[in-house]
**Student:** 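To start, I am sharing the structure in question, which I have written as structure tokens.
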Amino acid sequence: MKKIITDDDLIALVSDEVFQPTVIWKFGDVQVTCRTLGLSTATVKLIADDGTEQIACSTGTGPVDAAYKAPVKLLEYSMLRLQLALMR
């Protein structure tokens with residue numbers, strides 16, 4: 001057990017308590033399909049902070065690539081909607 005507490009220890013404890021990021025999206029579900037001669041595809045569901053569900057599908061060079069690309073589509077779409085709303 002540590003007997004000496006330094007300023008760095010206190011800063012680390014306070015920083016962890018004070019900074020709690022706001023949850024904007026939660027992971028809902030993922031389905032990945034891949035075959036030897038077919039495209040790898042992924043369907044991803046994200047749940048927004050207001051409870052609405054967004055689903056996107058993507059293809060990739062492999063199952064992991066497809067799974068990474070699908071949420072990016074959702075986030076890019078959300079950012080575009082936000083930009084358009086701010087322009088009004």
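What you see is a predicted model; the values in this text were computed from it and never measured.
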**Student:** T6 and D8: side-chain donor and acceptor closer than 3.5 Å?
**Tutor:** no

**Student:** Mind listing the closest non-hydrogen atom pair of G60 and A66 along with its distance?
**Tutor:**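 Nearest pair, atom of G60 first, then A66: N-CB, 3.7 Å.
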
**Student:** Which heavy atom of S40 sits nearest to which heavy atom of C34, and what is that distance?
**Tutor:** OG-CB, 3.4 Å

**Student:** Looking at D65 and T61, would you say the former's side chain and the latter's main chain have a donor-acceptor pair under 3.5 Å?
**Tutor:**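 Yes, the answer is positive, given that a donor and an acceptor are paired below the 3.5 Å cut-off.
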
**Student:** How long is the span from the NZ atom in K26 to the NZ atom in K45, to the nearest 0.5 Å?
**Tutor:**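 Atom-to-atom, K26:NZ and K45:NZ are 11.5 Å apart.
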
**Student:** Under 6.0 Å from the CG atom of D49, do we count more than 12 heavy atoms belonging to anything else shown?
**Tutor:** yes

**Student:** How long is the gap from CD1 on I55 to OG1 on T43, to the nearest 0.5 Å?
**Tutor:**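 Interatomic distance, I55 CD1 to T43 OG1, rounded to 0.5 Å: 8.0 Å.
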
**Student:** Can you hop from V30 to I47 via hydrophobic side chains spaced under 4.5 Å?
**Tutor:**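 In one cluster: no.
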
**Student:** Side-chain heavy atoms under 4.5 angstrom apart, residues restricted to Ile, Leu, Val, Met, Phe, Trp, Tyr: same cluster for V72 and V44?
**Tutor:**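 No; V44 is not reachable from V72 via cluster members.
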
**Student:** To check you understand the geometry: which heavy-atom pair defines the closest contact between K69 and S58, and what is its length?
**Tutor:** CB-OG, 3.1 Å

**Student:** Determine, step by step, whether T52 and Q54 satisfy the side chain to side chain contact (heavy atoms under 4.5 Å, CB included) criterion, reporting the C-alpha distance in whole Å, the side-chain angles of both residues, the deciding distance to 0.1 Å, and the verdict.
**Tutor:** CA-CA 7 Å; T52 58; Q54 300 288 326; 4.3 Å; yes

**Student:** To check you understand the geometry: which heavy-atom pair defines the closest contact between P71 and L46, and what is its length?
**Tutor:** CB-CD1, 4.2 Å

**Student:** Mind listing the closest non-hydrogen atom pair of C57 and K73 along with its distance?
**Tutor:**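 Closest approach of C57 to K73, heavy atoms only: O-NZ, 2.9 Å.
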
**Student:** Under a single-linkage definition using a 4.5 Å side-chain heavy-atom cutoff for Ile, Leu, Val, Met, Phe, Trp and Tyr, are L39 and V32 assigned to the same hydrophobic cluster?
**Tutor:** no

